[in-house]
Every structure is written in structure tokens, then in C-alpha cells.
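Here is the structure we will look at.
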Amino acid sequence: MEIKKNDYFDIDIIDIGINGEGIGKINNFTVFVDGALPNEKVNIKIIKVKKNYGYGKLINIINPSPFRQKPICEHFGKCGGCNLLHLSYDEQLNVKSSFIQSNLKKIAKIENIIVPKAIGMDKPFHYRNKASFPISFTDKINIGFYKPRSHNIINIDNCAIQHPINNIVIEKTREFIKDSNISIYDENTGKGDLRHIVTRIGNKTNELLICVVINNDKFLYKDLLIEKFKDIPNLYSIVINYNTNNNNVILGSKTETILGKGYITDYIKDLKFNISPLSFYQVNPVQTEVLYKTALDFCNLTGNEIVFDAYCGIGTISLFLAKNCKKVYGIEIVPDAIKNAISNAKLNNIDNAEFFVGKSEEVIPKLIFEENICPDVVVVDPPRKGCDTALLDAIGKTSIKKLVYVSCDNATLARDINYLSNFGFNLKKIQPVDMFCMTTHIECVALITR
Ligand SMILES: C[S@@+](CC[C@H](N)C(=O)[O-])C[C@H]1O[C@@H](n2cnc3c(N)ncnc32)[C@H](O)[C@@H]1O
């Protein structure tokens, strides 16, 4: 059967894709349908046809899924933020585990490990402690999030997963733009000054840091900005980040503090952390405690071990490990994060943690082969692209028996497990933790041993 643009079909949705889209078949032709859910019968209109697959627009739901729910956000479907708001939270946890199961099978060829249901939140809304709002000017000022698969901004005045304080920050930013008449960055031309507003809020301390990202090497409106923002509840610090690169990276390397200390403080369990704007910090503070507890349980430390914490950020996992082992070596590429990690160790009176700035794949081989430090356990928590093979090769060439892998991208996790199998490592167990409720992203902790 020939499938053409603008044709209508009734199809069964049999699966869900990594962007939350429903997946159905017309004979052997695969169709992706935004907004449709598995086990639904839907009427669709074909909007794009490729050789073996196409895209359909959801016209009507003939038989809804029992797990379908009314999205609580008016921007659902138009904003690229949450793509699972139409699925019950409990079922989201099952779907996310199934993504991991499928990648373990496809990429790592593992079929004998059952991925348990993701550990979810009791209250899965307004959980994020960090927001980055791009700003543009069309016929009006736009502050919000990008539309899916586009760089057009949807204006947001209330978000289901962000901290409510952001609504006030956005409102005050609009007032600042109007009163200052500052030019707005245009990513097509690379011209205009104001690019992004980034906020961070301490979960336990409520300290709010606002970072204003400027496409210039100077910022002329410091006093007006402070005047506009000063009454925002819990405002603790304002920093200006200078980013003149014409690319998608939000923050440049230079920041200037114009109010307060230039960082916030927060607690994870009983440990205290200073967090500067350029440093990575987990975005879901409630689930971070669950994630770290899972990682620590998987390490099963007795108190005598040497542990490497690769990709350590501001030393959060390192300091939890340090309380349970003999010595921790933390390795991280961002110098500001390592400055935080060193001061965080002091802040918590921890003296058995040592930190190094550099690439894990360069520092760890040096520690092992030049300094002769061979750890009992290695913890890795890389960005989405996973671990560099130079790091996995170094681990593979030692007698290390235990690796605890914290992953925010299970496709690269599966790739790395597959690579490590060349050195006799096997996946022993895995536990997903839902850090990104209402979205298809999922974090997990894997215990890999030999
Ligand atoms: C997912 S974060 C984890 C941070 C920390 N473990 C935590 O839980 O907050 C990954 C970290 O790896 C750092 N990073 C990226 N590439 C790196 C590399 N090649 N070597 C060391 N650190 C790297 C990033 O700057 C970031 O802080």
C-alpha cells in the first residue's frame, strides 16, 4: 500500500519513543505520532513520509490508554520541556525502565537482567532547582522554553516542573528589559545583548541565585538590574555571565558577581555544599538523595577502600563516599567545580578526599600507572556522552573488580557496559531513579563487576 502525505489512517499504537511519541505500524511502515500512547487506537493524518517511516498528526483518540491523564499544563505539546504529562506518573516509571531494558538488550546484548521499576517521587511536580530560560524578541519579548525540534520560544508564566519562584523572576526580567531597553540576543545574527536567565535555588536553604547571560564583554545596567530584582523573595545573589560565543552553549566561562556571594549553599542529607553558577549540580534535589544512596549501597563499602569518583562535579558523591571508605580521589574537568569540591570537603570537615582538575580519561590513567594508586571501587557519573574509551581501557587493564556507573543516558551506559565486557566485566544489577519526572529522561545506577 502506498502511504502519502495527508492520508488518514486508524492505527494501533504499540510502543513509545524516547521523545514520548507514540509508535504504530501501517503494515511494515512505522509511524511516529506525537501525543499518542501505547495500547491506544488513534486516527492520524500523515504529515511527513520518509522511505521506511513517517510522521502522523494525532486527529482523534478512538480507544484511549487506561494510563492517559489530562496534562496539567496548558503548554503541553507546544513546549519542548515535559513530554510525558499525558501519561500517569506510575506508568511513566514503568515506561522509563522499559527504555533501559530495551537498550541493554539492543546495545549491550544483555537479556538476563530485569530492570526494576524506576524509583519515583511522592510529589513529582515543581521539583527542579535549576532553570535556564532563553530570551528572544519577535513582535514581543519572549522568555520561556523552546518548542519541540525548534528554536522558537514559547512564553512561560507557570511551569509544572520548575520552582514557582521562577514566575516572579520572569516577570521582573520583563520589567527590566522594558525599563533598560537592553537589546535582545538574536541567534541568527549573533547580535543583541541579553541571552538567557538562569536560576538556581537551594532546596533546603531556599537561597536563590539569578544569573543573567550577556552577549557582550560589559554590562551597563547593573544598578537597574539589582533595583528590579532586589524584592524577589529569597534572592541571595546575582551574577552576570559573559558569553559572546555564537553557539548553543548557555554559559560562557567568565562570571561577575554583582550582588551577594556569587554562589548558593545547599544540603544533601547532612552534607553542606557551596555551588557556583558554572558547576554541575543535580537538578532534582529530593531524588539526588535517593540516587546517591543507591550508588553508595551498590559500592557496599567497609571503610577500608580506596575509591575513585570520576566526573565528580562539586564533590557531592565523593564526600558521601569519603564518610564510608579510607580515601576518595575525585576527578572533574571544570576548575570552578573542583574549587567548590575542595571547599566543600573543608566545610564538612572531611580530610580523606583529594580532588584533581582534568579529564577523567587523562588523570585516572596517570593515578593508576604513574602514581601506582589502584582503587578498590571506581564510581563514574559522566555526562550524556558516557565514558571515554581511554578511561574504560585504563580500568580494564587493572585488577579493579567493581565499577558503580551513575548514568543519565542509558544508551551510552549500554555501549560502555558492552565495551567493558571485553575486560571481563558484567552488569550485576541496575536501578533506575526518576530525576526528571514528566519527561522521558531517566537516571540509573549500575553495578558492574568481574
Ligand atoms: C553528570 S555530571 C555529574 C557530577 C557529579 N557526580 C554530581 O552528581 O553532581 C558530569 C560531570 O562531568 C564533568 N565532565 C565532563 N567531561 C569530563 C571529563 N572528560 N572528565 C572529567 N569530568 C568531566 C562535567 O563538568 C560534570 O560536572
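In listed order, ligands and their atoms are each counted from 1. Quick caveat: nothing in here was measured; it's all calculated off a predicted structure. Here, residue 1 is the first one in the sequence, and each next residue gets the next number.
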Study note, to complete from the structure: Quick look: Cys408 vs ligand 1, heavy-atom contacts under 4.0 Å, and the answer is neither
Point to revise | Lys204, NZ: over 12 other non-hydrogen atoms inside 6.0 angstrom | key: yes
Check your understanding: Do other residues, nucleotides or ligands put more than 12 heavy atoms under 6.0 Å from Lys327 NZ?
Key -> yes
**Study point:** Shortest non-hydrogen contact from Ala322 toward Ala353
**Key:** CB-CB, 4.4 Å
Review point. Hey, are Asp217 and Lys254 close enough for a salt bridge, meaning a charged N less than 4.0 Å from a carboxylate O?
Key: no
Check your understanding: At a non-hydrogen distance cut-off of under 4.0 Å, which region of Thr316 contacts ligand 1 (side chain, backbone, both, or neither)?
Key -> side chain
Review point. Can you tell me which residue and heavy atom of the protein come closest to atom 15 (C) of ligand 1, and the distance to 0.1 Å?
Key: Pro383 CG, 3.6 Å
Study note, to complete from the structure: Per-atom filter on ligand 1: closer than 4.0 angstrom to a heavy atom of Tyr292 are 7 (C), 8 (O), 9 (O)
**Study point:** atom 26 (C) of ligand 1 [closest protein heavy-atom partner, distance rounded to 0.1 Å]
**Key:** Glu332 OE1, 3.5 Å
**Study point:** Among Phe280, Tyr281, Phe320, closest by any non-hydrogen atom to atom 2 (S) of ligand 1
**Key:** Phe280
Review point. Between CD of Glu332 and CZ of Phe280, what distance do you get to the nearest 0.5 Å?
Key: 9.5 Å
Exercise for review: Specify the protein heavy atom at minimum distance from atom 18 (C) of ligand 1: its residue, its atom name, and the distance to 0.1 Å.
Suggested key: Tyr311 CE2, 3.6 Å
Review point. Looking at Val334, which atoms of ligand 1 are within less than 4.0 Å of one of its heavy atoms?
Key: 25 (O)
**Study point:** Atoms of ligand 1, numbered as shown, that sit under 4.0 Å from any heavy atom of Pro382
**Key:** 1 (C)
Review point. Would you call Lys96 and Asp434 a salt bridge, using N to O less than 4.0 angstrom?
Key: yes
Practice item. Return the residue, atom name and 0.1 Å-rounded distance of the protein heavy atom closest to atom 14 (N) of ligand 1. Key: Ile333 CG2, 3.5 Å
Review point. Between Arg174 and Asp157, is the closest basic N to carboxylate O distance under 4.0 Å?
Key: no
Review point. For ligand 1, is any non-hydrogen atom under 4.0 Å from Ser279's backbone (N, CA, C, O), its side chain (CB onward), both, or neither?
Key: neither
Point to revise | Residue and atom name of the nearest protein heavy atom (relative to atom 19 (N) of ligand 1), distance in Å to one decimal | key: Glu361 OE1, 3.1 Å
Revision key, fill the gap. Which of Asp297, Thr316, Asp381 passes side chain to side chain donor-acceptor pair (under 3.5 Å) with Tyr292? Answer is Thr316
Study note, to complete from the structure: closest protein heavy atom to atom 20 (N) of ligand 1 is Ser360 N, 2.9 Å
Point to revise | Asp409 backbone acceptor or donor facing Ser407 side chain under 3.5 Å | key: yes
Study note, to complete from the structure: For Gly358, the ligand 1 atoms with a heavy-atom partner under 4.0 Å come out as 20 (N), 21 (C)
Revision key, fill the gap. Atom 3 (C) of ligand 1 sits nearest the protein heavy atom Asp381 OD2, 3.2 Å
Practice item. Consider every N or O of Lys359 and every N or O of ligand 1, then say whether any pair is closer than 3.5 Å. Key: no
Review point. Say you draw a straight line from CD of Glu305 to CG of Leu321; how long is it, rounded to the nearest 0.5 Å?
Key: 10.0 Å
